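Right, one structure below, let's go through it.
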Amino acid sequence: MTSAALLPTKADEAFRYADLAALATLWPLPAEAVDVAAGETGSLSVVLAGDAPAARDLVITLGEGAVYDLRLLNAGGAYGRIAVKVRLAKGAKFHLGAAQLGGGDQTLEIVTEVVHAEPDAQSSQVVRSVLAGHATGTYLGRVVVDRGAIGTDGEQSIRAMLLDRTATANARPELEIYADDVKCAHGCAVGELDAQGLFYLQSRGLPPAEAKKLMLQAFIAEAFVDAPEEDVLTQAALQALAGLL
Amino acid sequence: MLTISDLSNEIAGKAILKGLSLTINAGEIHAIMGPNGAGKSTLAYTLGGRPGYEVTGGSVDFDGQDLLAMDPHARAAAGLFLGFQYPVEIPGVSNVQFLREALNAQRKSRGEEPLSGGAFLKLAREKADLLRMDMDMLKRPVNVGFSGGEKKRAEMVQMGILDPKLAILDETDSGLDIDALRICGEGINAIMRKPDKAVLLITHYQRLLDYVKPDFVHVLAGGRIVRSGGPELALELEQHGYEAVA
């Protein structure tokens, strides 16, 4: 199965910030289907860390009571895109922990659509971006609560840290709720490293790059905490981070 | 050890220090007192190298080195410790990780071997015990959720671990209850009262000086040292106020 054969344009919301020239070299994207049967548990780590442009298109279907843990590290080449569509059946649980780390002229994006199709499902998304140079990092995340999906619990925590004034972060959490009695929350912040904290760490002897690294390490750790492959992801993220400082 | 000569600076274009001079020798403990807004914290931050504190005149010699030409981390590696009036919270970074990396960064820049994890923990435990601080607190993120008194004791634990030559302690006594004041005072003495070390205490009150006896007391007002004396000067200030003395 492949996505629509026609290359999207910027008019398509999900590709509004995409690097279309890079995308054209990868198009059409094969959709990668993940089906987790009722009551089953699954997990996946996706790491884009090479030099070449890369794009992934995940379509995840969770059966009743299924649990899925997805972690993304988007730190690859000039263009890195990870799109995720998730459908949750009754009582299913989905967690996304993602970090985007970019510098230079990189364009990185994570685009999610999480559909609570039935009652009592839970989804949580934690996305942490660190952007330097002229990089652009985008998170577009839509949570849809279908009619009748009462008892839904959906949460999005989106934060981006800009290391240079020339870097760009786009963050758009979106809620579409067609049911009553649901709990959906999102938090979203774009900021810079705390200057006071940096001076404090440096005053104890850490060189500026080390001080920044320590603070950023803590920042992105929130994306990988309790991941089945926490160590591997953290190491890969630290390596990418070192390239930005 | 430290010679401040005619130091002037400004913050956002406003002159704060106006020709301040002070000499501190090894083995000495100096106290600087003075009214609010006199420039006490500015002096501490300027010596620590905080960005935004622009030096407009004068010089500072620290053990033969031009202190003002050094970056904050290089000042630390050269043996300067700045105790913050308001220690900063760093979410997600544990004290133990931070201090081990900081200590090893200092050692590296001095051409010394890094301390192993085991040796570091032993050192940290020893200093935590000295300040009666639970080792579990050092495993928590830096200053996050610490009370005012715990933050100040954590500062003293940091000082013990980093083992500086010169400590500039900016109102270490503020926010401390009576017991914590005594513990911090004893900690300062244990760590810093040595022939090859020196301390500059910045304080509003005599009470810290009851525990850490200064050799010299200075009054800072209007961006300059306006009077210097022995420990009796602090008592005189406590009785008569700054206006009468300065």
Side-chain angles (χ1 to χ4, degrees), chain A residues 71 97-99 101 126-130 157-161 163-165 187-227 230-231 233-235 237-239 241-242 245, chain B residues 44-53 70-110 112 114 141-144 151 154-155 157-159 161-164 167-168 170:
Chain A
R71 308 288 174 145
L101 312 173
V126 175
V127 180
R128 299 287 177 264
S129 302
V130 178
S157 164
I158 314 305
R159 292 173 63 195
M161 200 72 91
L163 300 187
D164 298 301
R165 293 282 165 98
C188 180
V190 178
E192 296 175 288
L193 279 175
D194 174 37
Q196 281 206 60
L198 276 179
F199 174 63
Y200 189 69
L201 297 181
Q202 289 173 60
S203 78
R204 299 301 181 245
L206 287 174
E210 294 296 310
K212 284 181 185 168
K213 194 173 156 192
L214 200 57
M215 290 177 80
L216 291 170
Q217 195 179 333
F219 176 71
I220 58 178
E222 295 167 11
F224 298 139
V225 67
D226 295 333
E230 184 171 352
D231 288 346
L233 289 164
T234 302
Q235 283 315 312
L238 285 182
Q239 214 172 353
L241 202 54
L245 297 171
Chain B
Y45 281 137
T46 305
L47 294 175
R50 182 172 171 157
Y53 287 64
M70 299 160 81
D71 288 331
H73 67 281
R75 300 182 193 203
L80 185 113
F81 179 87
L82 178 58
F84 283 61
Q85 182 180 359
Y86 303 108
V88 183
E89 298 184 6
I90 317 277
V93 177
S94 82
N95 280 287
V96 170
Q97 184 191 9
F98 154 49
L99 288 170
R100 186 174 167 213
E101 288 193 22
L103 177 60
N104 281 336
Q106 288 198 22
R107 292 173 68 96
K108 188 177 171 190
S109 76
R110 294 193 292 257
E112 298 164 13
V142 179
N143 293 322
V144 177
K151 285 180 182 172
E155 290 280 284
V157 173
Q158 291 184 16
M159 182 172 78
I161 290 170
L162 298 172
D163 194 27
I168 296 161
D170 188 7

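Just so we're on the same page: letters track the sequence lines, and every chain starts at 1. If you're wondering where the values come from, they're calculated on a predicted model, not measured in any experiment.
Contacts of B:Gln158 with chain A are made by side-chain atoms alone, with heavy-atom separations under 4.5 Å and no backbone atom involved. For a residue to count as touching a neighbouring chain, one of its non-hydrogen atoms must lie under 4.5 Å from one of that chain's; by this rule A:Glu222 does not touch chain B. For B:Leu82, the parts lying under 4.5 angstrom from a heavy atom of chain A are both the backbone and the side chain. Looking at A:Leu198, there are no atoms closer than 4.5 Å to chain B (heavy atoms on both sides), in backbone or side chain. Looking at B:Arg75, neither its backbone nor its side chain comes within 4.5 Å of chain A, counting heavy atoms on both sides. Contact of B:Pro141 with chain A is not made at all, since no heavy-atom distance falls under 4.5 Å. Of the two parts of B:Asn104, neither the backbone nor the side chain holds a non-hydrogen atom closer than 4.5 Å to a non-hydrogen atom of chain A.
Listed by chain and number, the residues in a salt bridge (charged side-chain N to carboxylate O under 4.0 Å, His left out) with B:Arg100 amount to none (sequence neighbours excluded).
The CD atom of B:Glu155 lies 3.5 Å from the OH atom of A:Tyr200; values are rounded to the nearest 0.5 Å. Between atom CD of residue B:Gln97 and atom CG of residue A:Leu214 there is a gap of 5.0 Å, rounded to the nearest 0.5 Å.
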- Message: The test is side chain to side chain contact (heavy atoms under 4.5 Å, CB included); show your working for B:Val88 and A:Phe199 and say whether it passes.
- Response: CA-CA 9 Å; B:Val88 183; A:Phe199 174 63; over 6 Å; no
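Between A:Gln202 and B:Asp71, the closest side-chain pair of non-hydrogen atoms is not below 4.5 Å. Inter-residue side-chain proximity for A:Glu210 and B:His73 is flagged as unmet; no heavy-atom pair is nearer than 4.5 Å.
Ranked by heavy-atom pairs under 4.5 Å with chain A, the first of B:Ala76, B:Gly52, B:Gly92, B:Pro51 is B:Ala76. In terms of non-hydrogen atom pairs under 4.5 Å with chain A, the most contact-rich of B:Tyr86, B:Tyr45, B:Phe98 is B:Phe98.
A 6.0 Å sphere centred on NZ of A:Lys212 holds no more than 12 heavy atoms belonging to other residues, nucleotides or ligands. Residue A:Gln239 places its CD atom among 12 or fewer non-hydrogen atoms of other residues, nucleotides or ligands, all under 6.0 Å distant.
The shortest heavy-atom contact between A:Leu206 and B:Ala105 is CD2-CB, 4.3 Å. Nearest heavy atoms, A:Ala218 versus B:Pro91: CB-O, 3.6 Å.
Panel note: side chain B:Gln106, backbone A:Arg204; a donor-acceptor pair is recorded below 3.5 Å.
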